[in-house]
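Atoms within each ligand, like the ligands themselves, are counted from 1 in listed order. This is a predicted model, so every value here is computed, not measured.
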Amino acid sequence: MNEENNMGSDMEQDNRLKERMANVKHKILVMSGKGGVGKTTVAINLALTLATKGYDVGVMDADIHGPNVPKMLGIDDLRPDIAEDGISPVLVPPRLKVMSLAFLLESKDTPVVWRGPLKMGAIKQFLSDVFWGDLDYLIVDLPPGTGDEPLSVAQLIPDIDGAIIVTTPQDVALLDSRKSVSFARAIGMPVIGIVENMSGFKCPNCGEVIDLFKIGGGEHSATDMDVPFLGRIPIETKIVESGDSGIPFVLEHESEAADAFEAIVDKVKEIVEVE
Ligand SMILES: Nc1ncnc2c1ncn2[C@@H]1O[C@H](COP(=O)(O)OP(=O)(O)OP(=O)(O)O)[C@@H](O)[C@H]1O
Ligand SMILES: [Mg+2]
């Protein structure tokens, strides 16, 4: 992952990137203003739902400092094939291709202390030197906020369909999600919509719904900012378990969150496929 690879000059790399991205029909970024709101959860479950529907899907983990995609997909012990002419992503059945910096780190506990240009280099390499092949969707999981990684990804990927912004329902989170919308607008990237995650908790014993972080805020901020509201996902202990075990929650068929998620994916498809 340094500049002295065998993969040619900057201009050649730019051309490769353009060619590879031309083979990807839809490119979607998952971002948020705040950390820990469920971006990675949304990104991998979105990718897996689309793959289950028969689409060819890639997931690019652009969270350089906290690359969690492999862990949440239960593939953190796998490694991509690295050859002179490129990197083969890790394959997850039914048809998911995954690339993450986590695959390239020697230890899961190693912190990455890179500055902007090096991070930009790694992201560029993920886009230009990974054999993504023909994809229907490339889902990019981003770190929180509007720093180097979202900017690099947004600048490097041509024809992005847009960003999905994940938020939790409380006011402070909403303030941050508005920043994400403004960021997207400032760089001319469309916003596909807002997902309100951790929206209400149904007591498994009595069935009462408790609004731990309030409810409905994501929808308010979507209306305020004039972007689509994609739906809300409740808090479920199964989601925490699935994140830890590496078995995405959409594979749990009897879950309210899985149903909610299915509806969100349908909306996303509707929005990007008519563009
Ligand atoms: N709806 C939910 N119900 C219960 N737990 C959830 C829900 N959504 C996410 N989680 C859990 O919350 C934690 C944070 O989620 P996740 O890692 O997806 O957030 P993130 O926004 O990607 O975080 P980061 O900013 O660190 O990248 C995980 O343990 C995940 O399993
Ligand atoms: Mg994450």
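In the model, D61 has a side-chain atom that pairs as donor or acceptor with a side-chain atom of S100 under 3.5 Å. A donor-acceptor contact closer than 3.5 angstrom is absent between the side chains of N68 and T40. In summary, the side chains of S32 and K39 do present a donor paired with an acceptor at a separation below 3.5 Å, with no hydrogens or angles considered. Checking S152 against E149 by side-chain atom types alone, no donor-acceptor pair falls below 3.5 Å. A donor atom on one side chain and an acceptor atom on the other are not found under 3.5 Å apart for E262 and T49.
Ligand 1 places these atoms under 4.0 Å from at least one heavy atom of D63: 27 (O). Atoms of ligand 1 found under 4.0 Å from any heavy atom of G36, numbered from 1 in the order shown, are 14 (C), 19 (O), 20 (P), 21 (O), 23 (O), 24 (P), 25 (O), 26 (O). In the vicinity of P144, heavy-atom distances shorter than 4.0 Å reach the ligand 1 atoms 25 (O). Atoms of ligand 1 found under 4.0 Å from any heavy atom of G35, numbered from 1 in the order shown, are 25 (O). For ligand 1, the atoms closer than 4.0 angstrom to any heavy atom of P234 are 1 (N), 2 (C), 3 (N).
The local environment of NZ in K238 is crowded, with over 12 non-hydrogen atoms from other residues, nucleotides or ligands closer than 6.0 Å. Residue-environment remark: CG (N15) exceeds the threshold of 12 foreign heavy atoms within 6.0 Å.
Protein heavy atom in closest approach to atom 29 (O) of ligand 1: V240 CG1, 4.5 Å. Nearest non-hydrogen protein atom to atom 11 (C) of ligand 1 is M198 CE, 4.4 Å. Nearest protein heavy-atom neighbour of atom 30 (C) of ligand 1: T41 OG1, 3.8 Å. Nearest protein heavy-atom contact of atom 28 (C) of ligand 1 is M72 CE, 4.1 Å.
Taking a cutoff of 4.0 Å between a charged side-chain nitrogen and a carboxylate oxygen, R232 and E219 qualify as a salt bridge. No salt bridge links K27 with D161; every basic N to acidic carboxylate O contact stays at or beyond 4.0 Å. Using a 4.0 Å cut-off between charged side-chain N and carboxylate O, D266 and K269 make no salt bridge. A salt bridge is absent between D244 and K71: the closest approach of a Lys/Arg side-chain nitrogen to an acidic carboxylate oxygen does not fall below 4.0 angstrom.
Ligand 1 has no N or O atom lying under 3.5 Å from any N or O atom of G243, backbone or side chain.
Protein heavy atoms are found less than 4.0 angstrom from atom 5 (N) of ligand 1. Shown here, atom 13 (C) of ligand 1 is out of close reach of the protein: none of its heavy atoms lies under 4.0 Å off.
At a 4.0 Å heavy-atom cut-off, ligand 1 does not touch S242 at all. Contacts between N197 and ligand 1 below 4.0 angstrom, taking non-hydrogen atoms only, involve the side chain exclusively. Contact annotation for E236 and ligand 1: only backbone heavy atoms (N, CA, C, O) come within less than 4.0 Å of the ligand.
Of the candidates I239, N68, V42, I239 brings a heavy atom nearest to atom 31 (O) of ligand 1. When H65, M31, K39 are ranked by how near their heavy atoms come to atom 21 (O) of ligand 1, first place goes to K39. Among P143, A260, G38, S32, the residue whose heavy atom lies nearest to atom 19 (O) of ligand 1 is G38.
In this structure, CD1 in I157 is found 9.5 Å from CE in M189, a value given to the nearest 0.5 Å.
For the Mg ion (ligand 2), the set of nearby N, O or S atoms under 2.8 Å includes none belonging to N68.
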